[in-house]
Amino acid sequence: QVQLVESGGGLVQAGGSLRLSCAASGRTFSTYDMGWFRQAPGKEREFVAKIRWSTATYYADSVKGRFTISRDNAKNTVYLQMNSLKPEDTAVYYCAADLLRRGYNSDEYDYWGQGTQVTVSS
């Protein structure tokens with residue numbers, strides 16, 4: 001079992017920044033991949049970013065160059081630094097754990113956090 005708790009969401013103006021955190025517990029954090037997804041009202045949940053156990057990173061085209069995913073294995077925490085935020089980034093953001101080190105589809109992730117709301121005003 002893995003427990004995930006997100007924090008850091010909030011309301012920000014367009015062009016601003018936020019940093020999301022996701023604290024993990026229950027398994028050896030350094031051995032599995034972590035991802036961030038988001039879901040806007042009326043839309044499907046979509047992939048945002050992934051960081052592998054090896055620290056290799058991957059991003060959705062919509063956030064590339066603006067968002068940075070990172071991890072601190074000593075703190076069992078993954079981060080999502082979001083810069084140059086746009087109103088279209090407004091969504092509930094979820095972190096997720098991929099224990100089998102698979103891909104970018106939400107059904108390839110084994111555990112999910114409760115989500116944190118990010119709202120970007122224009």
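Keep in mind it's a predicted model, so treat the numbers as computed, not measured.
- The salt bridge (charged side-chain N to carboxylate O under 4.0 Å, His left out) check on Lys43 picks up nothing, with sequence neighbours excluded.
- Tyr109 meets the side chain to side chain donor-acceptor pair (under 3.5 Å) test with Lys50; sequence neighbours excluded.
- When the side chains of ILVMFWY residues are joined at heavy-atom separations under 4.5 Å, either directly or via intervening members, Trp112 and Val48 end up in two distinct hydrophobic clusters.
- Tracing side-chain contacts under 4.5 Å through hydrophobic residues (I, L, V, M, F, W, Y), one never reaches Phe67 starting from Tyr79; they form parts of separate clusters.
- The stretch residues 103-122 participates, sequence neighbours left out, in these salt bridge (Lys or Arg N to Asp or Glu O under 4.0 Å) pairs: Arg102-Asp110.
- Gln117 places a side-chain heavy atom less than 4.5 Å from the side chain of Thr90.
- Contacts of Asn83 classified as side chain to side chain donor-acceptor pair (under 3.5 Å), with partners at least two apart in sequence or in another chain: Ser17, Gln81.
- Cluster partners of Leu11 are absent, since no Ile, Leu, Val, Met, Phe, Trp or Tyr has side-chain heavy atoms less than 4.5 Å from it.
- Within the 4.5 Å cutoff, no side-chain heavy atoms of Thr116 are placed close to those of Val92.
- Taking the side chain to side chain donor-acceptor pair (under 3.5 Å) definition, one finds that Gln39 meets it with nothing, sequence neighbours left out.
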Contacts table for residues 19-38: side-chain donor-acceptor under 3.5 angstrom, sequence neighbours left out:
{"from": "Ser25", "atom 1": "OG", "to": "Gln3", "atom 2": "OE1", "distance (Å)": "3.2"}
{"from": "Thr31", "atom 1": "OG1", "to": "Thr28", "atom 2": "O", "distance (Å)": "2.7"}
{"from": "Asp33", "atom 1": "OD1", "to": "Trp53", "atom 2": "N", "distance (Å)": "2.8"}
{"from": "Asp33", "atom 1": "OD2", "to": "Arg52", "atom 2": "NH1", "distance (Å)": "2.5"}
{"from": "Arg38", "atom 1": "NE", "to": "Glu46", "atom 2": "OE2", "distance (Å)": "2.6"}
{"from": "Arg38", "atom 1": "NH1", "to": "Asp89", "atom 2": "OD1", "distance (Å)": "2.9"}
{"from": "Arg38", "atom 1": "NH1", "to": "Tyr93", "atom 2": "OH", "distance (Å)": "2.9"}
{"from": "Arg38", "atom 1": "NH2", "to": "Glu46", "atom 2": "OE2", "distance (Å)": "3.2"}

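- In this structure Thr68 satisfies the side chain to side chain donor-acceptor pair (under 3.5 Å) test with no other residue, sequence neighbours excluded.
- Partners of Gln114 according to the side-chain contact (heavy atoms from CB on, under 4.5 Å) rule, which considers only residues two or more places apart in sequence or in another chain, are Val5, Glu6.
- Put simply, the side chain of Thr119 does not reach to within 4.5 Å of the side chain of Val12, judged on heavy atoms.
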